[in-house]
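Worksheet: one structure, shown below.
All heavy atoms count here, side chains included; hydrogens, waters and symmetry mates do not. This one's a predicted model, so the numbers in the text were calculated from it and none came from an experiment.
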Amino acid sequence: MDRTPTVFERAIRGDSRPHTPVWIMRQAGRYLPEYRALRKKVDFLTATKTPELAAEITLQPMRRFPLDAAILFSDIMTPLEGMGVPVEFNPGPVISDPVRTPAQAAALRPLDPAATVPFVAETVRIVRAELRRDAALIGFSGAPFTLLCYLVEGGGSKEFMAPRRFLRAEPEAAAKLLGLLGDSMAQYLLSQAQAGADALMLFDSWVGLLDAETYRRHVVPVMRRTISAVREGTNLPLIYFPNRGGHLLEEVRGLEVDVVGIDWTVPLSTARGVLGPNQSLQGNLDPAALFGSETELSAAVGTVLAEARGSRGHVFNLGHGINRTTDPDRVAFLVDQVHEQSAGALET
């Protein structure tokens with residue numbers, strides 16, 4: 001028997017729903033005391049690679065809050081090891097031998113999710129079996145350009161000058177590398193879909209560093225290729241989050257995704273004006289709003305909900321990941337406010 005669509009899925013499609021659904025980027029993580037307690041016993045990589053632990057972390061916020069979707073506990077760097085790139089965390093991701101030449105780029109191998117990262121699909125299966133049936137499970141990957149940033153830079157950076165230079169100095173090698181990453185991430189997302197995910201998300205955390213012309217030339221072709229490959233394998237909703245990419249929305253408009261995530265620097269009404277009323281949106285409360293008073297937070301929730309009116313669908317979220325020092329009680333208040341303020345307004 002077919003499963004009843006969740007509020008999250010109904011919102012994406014623009015269907016009638018009892019309230020606006022809400023989930024939070026990085027909702028399974030360091031702001032939760034139960035997560036910190038678990039992490040005292042195990043390191044980050046072990047937690048991501050052990051299905052039972054990763055499933056437990058994924059489910060922690062779902063037990064504490066009435067969130068409408070869970071997102072798999074993993075890391076965007078996880079599949080890179082399956083492509084022949086060792087990754088360490090100290091505390092952020094570190095690649096000791098970054099890709100700086102065409103020969104190094106050509107040495108990477110396509111990802112075979114079942115052979116190299118089977119623990120991810122197993123985590124999805126465990127979570128889907130234990131998760132509330134009225135809550136959706138989101139699988140995810142990094143987008144090709146963001147993964148290229150880490151591969152070429154060798155770790156985190158404010159400017160990622162090395163990968164931006166690589167795009168221009170080695171355009172042919174960069175295009176091949178982006179294509180390999182896009183094809184591999186498509187297979188990675190499809191493996192999560194086959195394991196039981198209800199929606200898929202591509203995080204483009206660093207694409208906002210690019211100007212529109214560079215994005216159009218180097219990133220749009222591989223995004224179209226990646227999205228097409230995912231579409232050929234599943235009809236699950238697909239979310240794309242171009243972080244700090246307000247200046248790129250004209251180009252994003254041509255991507256065939258179900259939802260575009262918007263960071264907090266761009267009003268949802270502005271994004272809708274560029275993307276059009278038929279594009280569902282996700283976002284976009286400033287994570288810092290969780291540190292204000294309850295009165296201020298309630299008003300901020302109302303502003304985001306009002307900004308979303310007129311869009312095909314809206315999934316409430318923060319405009320980026322939750323800060324690790326956030327009080328969990330404020331998250332509980334946030335979720336309740338989203339549900340209460342939107343209750344009944346979206347029924348037809």
Side-chain angles (χ1 to χ4, degrees), residues 6-9 11-12 19-42 44 46-76 78 120 122-140 192 195-201 203 237 239 241 259 261 264 282-291 294 297 300-301 304 315-340 342:
T6 63
V7 173
F8 172 87
E9 294 164 280
I12 290 173
H19 59 260
T20 295
V22 55
W23 70 278
I24 297 171
M25 285 184 276
R26 296 183 189 157
Q27 66 188 23
R30 293 177 291 176
Y31 74 104
L32 290 176
E34 52 266 46
Y35 173 82
R36 296 194 297 270
L38 187 153
R39 280 292 314 283
K40 287 181 179 178
K41 304 173 185 177
V42 63
F44 178 75
T46 299
T48 62
K49 294 180 179 181
T50 306
E52 294 76 14
L53 293 178
E56 167 61 21
I57 294 170
T58 301
L59 291 165
Q60 284 178 343
M62 304 304 295
R63 298 190 188 108
R64 183 182 274 263
F65 313 115
L67 293 155
D68 295 285
I71 185 162
L72 183 71
F73 175 73
S74 187
D75 192 87
I76 63 171
T78 296
V120 175
E122 180 59 24
T123 301
V124 172
R125 284 188 281 269
I126 293 172
V127 174
R128 187 60 273 179
E130 298 186 18
L131 185 64
R132 307 188 324 259
R133 298 311 297 172
D134 64 343
L137 173 58
I138 304 168
F140 74 92
Q192 296 175 59
D198 302 304
L200 304 169
M201 183 164 176
F203 283 90
I239 307 166
F241 178 52
V259 184
W264 75 90
Q282 179 174 277
N284 68 337
L285 185 72
D286 185 342
L290 288 163
F291 294 93
E294 289 191 351
L297 179 54
V301 167
V304 172
V315 175
F316 197 103
N317 208 310
L318 303 182
H320 200 260
I322 187 169
N323 185 275
R324 62 184 179 84
T325 63
T326 304
D327 182 350
D329 287 343
R330 283 301 167 84
V331 176
F333 181 79
L334 169 69
V335 175
D336 288 345
Q337 283 295 302
V338 173
H339 287 165
E340 291 174 12
S342 63

Over all atoms of both residues, closest heavy-atom pair of I126 and P51: CD1-CB, 3.8 Å
Sidechain-backbone polar pair: Q192 side chain, V120 backbone, donor-acceptor under 3.5 Å: no
Could you walk me through whether F140 and I239 pass the side chain to side chain contact (heavy atoms under 4.5 Å, CB included) check? CA-CA 9 Å; F140 74 92; I239 307 166; over 6 Å; no
Closest heavy-atom pair and its distance - F8, A199: CE2-CB, 3.7 Å
Give the ring-plane orientation class for Y31 versus F65, where under 30° counts as parallel, over 60° as perpendicular and anything between as tilted. parallel
Considering only heavy atoms from C-beta outward, does the side chain of T326 approach that of V331 to under 4.5 Å? yes
Grab the two heavy atoms, one from F241 and one from M201, that are nearest each other, plus how far apart they are. CB-CE, 3.6 Å
Say you draw a straight line from CG of L137 to CZ of R128; how long is it, rounded to the nearest 0.5 Å? 6.0 Å
To the nearest 0.5 Å, atom CG of L59 lies from atom CZ of F73 at 12.5 Å
Derivation and outcome, side chain to side chain contact (heavy atoms under 4.5 Å, CB included), residues I12 and V315: CA-CA 7 Å; I12 290 173; V315 175; 4.0 Å; yes
Step-by-step side chain to side chain contact (heavy atoms under 4.5 Å, CB included) determination, L334 to F316: CA-CA 10 Å; L334 169 69; F316 197 103; 3.9 Å; yes
Spacing of CG belonging to L131 relative to CZ belonging to R63, to within rounding of 0.5 Å: 10.0 Å
Do the side chains of R64 and E34 get close enough for a salt bridge, i.e. N-O under 4.0 angstrom? yes
Heavy-atom closest contact (A300 atom, A289 atom, distance): CB-CB, 4.5 Å
Just verifying a value: how many Å separate L318 CG and Q282 CD, rounded to the nearest 0.5 Å? 10.0 Å
When rounded to the nearest 0.5 angstrom, what distance separates CZ in R26 from CG in L32? 13.5 Å
Should the heavy atoms of other residues, nucleotides or ligands under 6.0 Å from CZ of R132 be counted, would the total exceed 12? yes
To check you understand the geometry: which heavy-atom pair defines the closest contact between G139 and A197, and what is its length? N-CB, 4.0 Å
Sub-4.5 Å side-chain heavy-atom contact between V335 and L67: yes
Is the shortest heavy-atom distance from the side chain of V127 to the side chain of M62 under 4.5 Å? no
Is the shortest heavy-atom distance from the side chain of P66 to the side chain of V22 under 4.5 Å? no
Going by heavy atoms in the side chains, are R330 and E294 under 4.5 Å from each other? yes
Locate the shortest heavy-atom distance separating L285 from W264; write the atom from each residue and the value. C-CB, 4.1 Å
Look at the side chain of Q27 and the backbone N and O of A69, then say whether any donor-acceptor pair between them is shorter than 3.5 Å. yes
Run H19 and E340 through side chain to side chain contact (heavy atoms under 4.5 Å, CB included) and show every step you take. CA-CA 8 Å; H19 59 260; E340 291 174 12; over 6 Å; no
Sidechain-backbone polar pair: E9 side chain, T6 backbone, donor-acceptor under 3.5 Å: yes
Reported NE2-to-CE distance for the pair H320 and M25, which is rounded to 0.5 angstrom: 6.5 Å
If we only count heavy atoms from C-beta on, is the T123 to S74 side-chain gap below 4.5 Å? no
